[in-house]
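Below: the structure, in structure tokens.
None of these values were measured; they are calculated from a predicted model. To find a chain, count down the sequence lines: A is the first, B the second, and so on, and within it residues start at 1.
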2 protein chains.
Amino acid sequence: MKKKRVSIKDIAAQLNISITTVSFILNGKSKEVGISTALTEKVLKHVEETGYKPNLLAKSLRTGKTKIICLLIENIADPFFATVAGYVEELFNQRGYKIIFGSTKNQAAKTRELIDLFRDRHVDGFIIAPSEKLEADITNLLNESIPLVLFDRYYKEIETDRVTTDNYEGAYNAVKLLIDQDYRNIALITIDSEQTQMHDRLLGYEKAISEYGLKPYTVKMNYQKVEQTAVEEITQLLTQNPDIDALFFGTNYLTLKGLQAIEELNLSVPGDIGVISFDDHDVFKLLKPNITAVAQPIAKMSEEMVNLLLEQIDVTKAERTKRQVVVPSTMHVRDSSIKKINHNA
Amino acid sequence: MKKKRVSIKDIAAQLNISITTVSFILNGKSKEVGISTALTEKVLKHVEETGYKPNLLAKSLRTGKTKIICLLIENIADPFFATVAGYVEELFNQRGYKIIFGSTKNQAAKTRELIDLFRDRHVDGFIIAPSEKLEADITNLLNESIPLVLFDRYYKEIETDRVTTDNYEGAYNAVKLLIDQDYRNIALITIDSEQTQMHDRLLGYEKAISEYGLKPYTVKMNYQKVEQTAVEEITQLLTQNPDIDALFFGTNYLTLKGLQAIEELNLSVPGDIGVISFDDHDVFKLLKPNITAVAQPIAKMSEEMVNLLLEQIDVTKAERTKRQVVVPSTMHVRDSSIKKINHNA
DNA sequence: ATATGTCACTAAATCGATGTAGTAAATAAA
DNA sequence: TTTATTTACTACATCGATTTAGTGACATAT
């Protein structure tokens with residue numbers, strides 16, 4: 001019952017020819033090395049019949065190529081990252097690569113494990129949304145000349161290929177939009193992270209706030225504890241600061257938590273509280289009211305990442321200059337979460 | 001700059017001992033094969049210093065073990081599957097396995113590709129939510145004695161380990177709940193699939209409908225086209241059959257589409273239309289009204305899957321009887337999507 | 001007749017591990 | 001003293017591919 005997997009050696013033996021010949025034929029080198037059409041066809045036919053599939057483990061050991069790309073994201077369940085994953089997978093599939101995902105949970109240890117795991121298995125390249133404290137690991141990859149693209153966030157002190165959104169601008173515009181709608185006490189709900197994307201969003205928020213001489217309210221919560229404590233923290237913020245009239249959320253999952261808090265407090269959006277989210281979410285247009293969001297151009301970002309990585313893989317030797325791509329965010333304005341002016345009118 | 005990865009051979013050469021010795025030491029066999037403590041420590045120290053990491057590709061080629069499990073699900077972006085993925089990953093990590101995900105998009109060709117890809121790389125086992133037309137591939141895995149657990153759906157004609165929800169019962173109860181709430185023209189919105197999970201949900205629906213002598217309305221839509229056409233199809237159903245007063249959705253993503261259709265038609269839930277979803281969704285409790293759902297006990301299912309697979313991996317030789325686990329679903333009743341009786345009262 | 005060139009293949013080294021079957025030296029048993 | 005046993009290692013085949021450097025047979029050139 002249990003069939004042993006047939007190897008190239010078996011094929012060669014069955015046809016009474018050398019392993020080398022079979023290998024050449026299977027790799028389409030018949031012409032190049034001068035193997036007769038007759039034999040080529042015979043081998044191909046036999047391979048077809050036996051259903052022989054080369055052992056890619058062995059192949060990779062020999063060649064050092066796996067035709068696999070590793071994509072490390074925060075969480076496969078997060079709609080932003082899931083969408084990126086979808087695009088990147090599709091694009092790489094088109095180029096003959098398989099793609100493998102890993103959820104880092106934004107934890108350095110977990111990311112490190114995944115990097116090691118896949119590096120040991122010789123993936124041909126990495127696309128990573130790095131957690132904090134991963135500088136050393138990233139540097140290692142760079143030193144080993146493993147193709148690498150960072151996205152969403154990066155390290156200022158390490159020069160890598162990377163693709164990010166203009167987080168500063170996006171956040172600034174979001175807060176400005178709230179201000180334009182006459183909101184004056186705007187809090188930023190974000191996570192306690194020094195990662196560039198969150199830092200830039202914070203800076204964008206602060207810029208807009210200070211530009212209009214408003215008072216900043218900032219809540220930074222622990223990423224790992226969002227699921228447990230976010231609703232409560234936001235509830236506290238709102239009860240302790242009844243003057244707050246708008247919330248700008250640093251990420252879409254925080255927005256969902258915030259909406260729950262608002263709901264539980266029996267406050268209304270946008271009348272009592274204006275809401276804008278950084279990062280869009282499928283359900284934002286379904287919720288009542290629907291939620292305005294700063295959206296990242298995910299399709300475009302994905303394309304850029306894929307191109308950067310393929311460039312690195314294809315460049316044989318010559319030193320290639322690292323490239324940084326920054327794409328602008330777009331505002332998905334859905335009035336019903338922020339129409340204070342019309343509301344009051 | 002570009003460091004060559006150090007191999008066991010390098011380690012052996014540097015210490016002037018044999019490769020075998022190094023291998024034994026690294027695999028903790030010092031005692032067993034009688035290698036002196038002095039040498040053992042010396043090697044371990046040197047390995048530590050050089051930062052040598054064994055090449056798992058080579059190791060796997062030799063041993064046929066990878067300590068990797070492959071989980072194939074419909075779509076990493078789907079909340080049901082994403083949650084399963086999260087649990088399964090966690091459980092396997094605890095047991096020293098890494099887990100690799102693949103999105104099948106419920107397409108046989110894509111699933112086949114993924115199975116082949118990972119089988120070639122000798123993953124130690126598969127957990128699969130199989131698409132249709134995959135019987136031959138599953139049978140192959142079975143013949144090759146590759147550890148395998150199916151979940152969510154299965155093939156009646158193939159005996160495998162599997163874990164599923166009681167879809168029939170769940171659907172029956174959902175429809176019955178609508179009937180109890182005085183809804184009388186209840187449509188089933190499902191996908192055009194003969195897969196067991198969808199088939200059983202259909203049967204459960206039909207059972208309840210016929211038990212009360214009601215008229216069935218069933219819309220089956222193409223899974224691949226849900227994103228494009230679902231809203232329109234549901235809109236049509238509702239406009240062409242104004243007597244319909246409740247919708248039972250076969251999956252949570254269909255529910256989201258249905259709610260969009262209902263919204264666009266300016267109908268209200270639960271007054272005009274009662275709604276129950278098969279499979280829960282994080283946002284169902286956020287939506288207004290919040291949506292009642294038949295929930296699968298994902299944590300428990302995940303545990304069962306992991307246990308079944310580990311059993312297979314651990315069983316050395318003796319024929320093990322395949323096991324089928326069916327877990328009951330639970331109803332997450334959220335009155336506001338179905339409270340017709342109270343509403344009219 | 002000898003050298004040169006093609007043609008159609010093949011032997012064997014290699015990738016980096018594991019693990020079986022040994023060996024040489026020291027010690028114990030007869 | 002000879003044999004058996006133990007101790008502390010090591011040589012080498014192996015997993016299943018790729019790839020370099022040949023080889024033998026035949027044709028053509030000089």
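Of the residues near DNA chain C, A:S36 and A:I19, the one whose nearest nucleotide (by heavy atom distance) lies more toward the 5' end is A:S36. Mapping B:I17 and B:T63 onto DNA chain D by nearest heavy atom places B:I17 closer to the 5' end of the strand. In terms of position on DNA chain D, the residue among A:F24 and B:N16 whose nearest nucleotide sits closer to the 5' end is B:N16.
Minimum atom distance to the side chain of B:T21 is reached by D:dT10, of the listed D:dT19, D:dT10, D:dA17. Picking from D:dT10, C:dG16, D:dC9 the nucleotide with the shortest atom distance to the side chain of B:L39 gives D:dC9. Closest to the side chain of B:T20, from the set C:dT20, C:dC15, C:dA11, is C:dT20.
For the pair B:K59 NZ and D:dC15 P, the interatomic distance rounds to 19 Å; values are reported in whole Å. In this structure, the NE2 atom of A:H122 is 9 Å from the P atom of C:dA17, given to the nearest Å. Taking atom CD1 on B:I8 and atom P on D:dT10, their separation rounds to 12 Å, with Å as the unit. As rounded to whole Å, 17 Å separates atom P of C:dT14 from atom CG of B:L61. The CG-C1' distance, from A:N27 to D:dT19, rounds to 10 Å in whole Å. C:dC15 atom C1' lies 15 Å from atom CG of A:D120, rounded to whole Å. Protein atom CD1 of B:I35 is 13 Å distant from nucleotide atom P of C:dG19, rounded to whole Å. Taking atom CD on B:E32 and atom C1' on D:dT6, their separation rounds to 17 Å, with Å as the unit.
The residue B:L56 sits apart from the nucleic acid: no heavy atom pair falls under 4.0 Å. A:S23 comes within 4.0 angstrom of a base, heavy atoms only. Nucleic acid contact class of A:L57 (heavy atoms, under 4.0 Å, all strands): none. Across all strands, A:K29 comes closer than 4.0 Å only to sugar-phosphate atoms, never to a base (heavy-atom distances).
The shortest non-hydrogen separation linking A:A58 to B:L61 is CB-CD1, 3.8 Å. A:L26 approaches A:Y52 most closely through the heavy-atom pair CD1-CE2, 3.4 Å.
For B:S18, no side-chain nitrogen or oxygen approaches OP1 or OP2 of D:dC9 to under 4.0 Å. Contact annotation: A:N55 does not reach the phosphate of D:dC15 (side-chain N/O to OP1 or OP2, under 4.0 Å). Here B:K9 does not reach the OP1 or OP2 of C:dG16: none of its side-chain N or O atoms lies under 4.0 Å away.
The side chain to side chain contact (heavy atoms under 4.5 Å, CB included) test with A:V43 singles out one residue from A:T21, A:I17, A:I35, and that residue is A:I17.
Side-chain atoms of A:Q107 and A:Q224 form a donor-acceptor pair, as typed in the model, at a separation below 3.5 Å.
Both tests hold for A:K67 against A:Y97: distance to the six-membered ring centre under 6.0 Å, angle to the ring axis within 45°.
In this structure the side chain of B:H122 never reaches within 4.5 angstrom of the side chain of B:I68, judged on heavy atoms.
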